[in-house]
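We name chains A, B, ... by the order of the sequence lines, and we start the count at 1 in each one.
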Number of protein chains: 2
Amino acid sequence: MARIAVVEDDSWMREELMDILQKEGFEAVAITDFHDVVAQMATLAPNLVLLDINLPGPSGFEICKSLKSKGIGPILMLTSRDKLQDELHGLHLGADDYLTKPCNRDRLLARIQNLLRRFERQPDLIDGGSFSLDPNTFTLYKGSESLLLSANEGKILLALAQHKPEVVSKSTLSEILWGTDQYIDENALQVNLTRLRKTLRQLGLEDQIETIRGKGYRLRGQEKP
Amino acid sequence: MARIAVVEDDSWMREELMDILQKEGFEAVAITDFHDVVAQMATLAPNLVLLDINLPGPSGFEICKSLKSKGIGPILMLTSRDKLQDELHGLHLGADDYLTKPCNRDRLLARIQNLLRRFERQPDLIDGGSFSLDPNTFTLYKGSESLLLSANEGKILLALAQHKPEVVSKSTLSEILWGTDQYIDENALQVNLTRLRKTLRQLGLEDQIETIRGKGYRLRGQEKP
DNA sequence: AGAACACTTACAGATGATGTAAGGAAAGTT
DNA sequence: AACTTTCCTTACATCATCTGTAAGTGTTCT
């Protein structure tokens, strides 16, 4: 779960925020020492910073600026002053989003979720040699074409690509598909293999999956010059 | 479609690459003047750079370094020297991926597609007030919960969120759902609306959609303090 | 009260995912 | 060569989901 740093001096407001975040399953960390926020953040490595503007000592704007210069973010600015001027100023200094207090719980969470997703590192595609595969959506890419695999096809192909160049045993695949290697439904696995092969053929990917008789399957290497 | 800059001195190889890329639907641009590659790139704004290491004049490594320093990328390095040393060197200077010549057409395309997706700007979620919506997958987020909408539900909610705070007429929604505003299937639209409302309720999002009698629908504002 | 509009629910067809079953092909064994 | 084991393919049935149709109910306006 994401870690969120809460930089807010008003203790009531801070507790309120922490409460909302923790109930939502976030790992919320309160920052109450405003002297060296940047250094604290560096070790904390939060996934998101909730930053109040009105702080004793350095203003939120300054902190925002220095956090951004260190590549720390995303930053969601909190302020009770709902003047457009401030908003522009804040965004200009690098805040990624902006929220005025008091704010609705749902609205706060929606903004946070939004920012987290926007800054979430896009998971790398799995490189299968002559194709690539999005491990989350099971979308198969070859050149500029793409195809959405069914769940079973995706699981099998992902397993093969991740284990490449080793052979993946039937019991392993069985476990991946049905969560058990005790009872191997060889037939069902076989049928799903056939389906996957047919789907691969639709993208011009012939002969990707090599059968190792008695051992299992593996992705065919494409490396030979 | 993505624009790809091909920086390669060997004319045969360059034509080959251009051919592959163009047949795949990419907008391929050949760079043959190696003096001021960075400046050319800046105006070209390619989505990806195919960069050969062995260039007359400045080495591919140097170009790679300066391109990266300008934030231009992703860069896919091409080389005929398949020594690990070079690879490490190249990646260290900022190349995002690395390919040895000669290379398989499919492998080249897979790598390109991979890089393009990795560096693709993640589309922002649509902010619906107390929820957010991924306009591509029609995934609905509220706090840390999420829900996958059906196509029709997604289209309607997206339209409402994008037009917010304006009212979206039934004929507009009809056009969005079925590509025509000539014949409004009011009943079907109504049913889909009901389904969407029920789905929203599953996430605790009550009363999001406001009916403007005789005009259409709109997202209810959440701004009142 | 009546009419127009909005909402809900139940039903059915279409589609897609997936397991079952049966038969055929290929490879290894005797 | 005949047999056995393993693998592949196809057809079918089931199940879930999506979505439009239809009918009935509720709400608002005049």
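- Considering only side-chain N and O atoms, B:Ser150 lies under 4.0 angstrom from the phosphate OP1 or OP2 of D:dT19.
- Side-chain contact check for B:Thr199 and B:Glu153: at least one donor-acceptor pair (N or O, by modelled atom type) lies under 3.5 Å.
- In this structure, A:Arg220 contributes its side chain and A:Asp207 its backbone to a donor-acceptor pair below 3.5 Å.
- Remark: B:Lys215 does not engage B:Glu166 in a salt bridge, criterion side-chain N to carboxylate O under 4.0 Å.
- Contact between the side-chain N/O atoms of B:Gln190 and the OP1/OP2 oxygens of C:dC7 is found at a separation under 4.0 Å.
- Taking 4.0 angstrom as the limit, B:Lys170 places a side-chain polar atom (N or O) nearer than this to OP1 or OP2 of C:dA6.
- Of the side-chain N and O atoms in B:Trp178, none sit less than 4.0 angstrom from OP1 or OP2 of D:dT19.
- Contact of the A:Arg218 side chain with the A:Lys164 side chain is not registered, since no non-hydrogen atoms from C-beta on lie closer than 4.5 Å.
- Side-chain N/O atoms of A:Arg197 include one lying less than 4.0 angstrom from OP1 or OP2 on D:dC8.
- For A:Ser174 and A:Ser171, the side-chain atoms include no donor-acceptor pair closer than 3.5 Å.
- The side chain of A:Asn192 contributes an N or O atom lying less than 4.0 Å from OP1 or OP2 of C:dG19.
- Using a 4.0 Å cut-off on heavy atoms, the residues of residues 209-218 of chain A that approach DNA chain D are A:Thr211, A:Arg213, A:Gly214, A:Tyr217, listed by number.
- A:Asp10 is linked by a side chain to side chain donor-acceptor pair (under 3.5 Å) to nothing, counting only residues two or more places apart in sequence or in another chain.
- Residue B:Asn152 places none of its side-chain N or O atoms closer than 4.0 Å to OP1 or OP2 of D:dC18.
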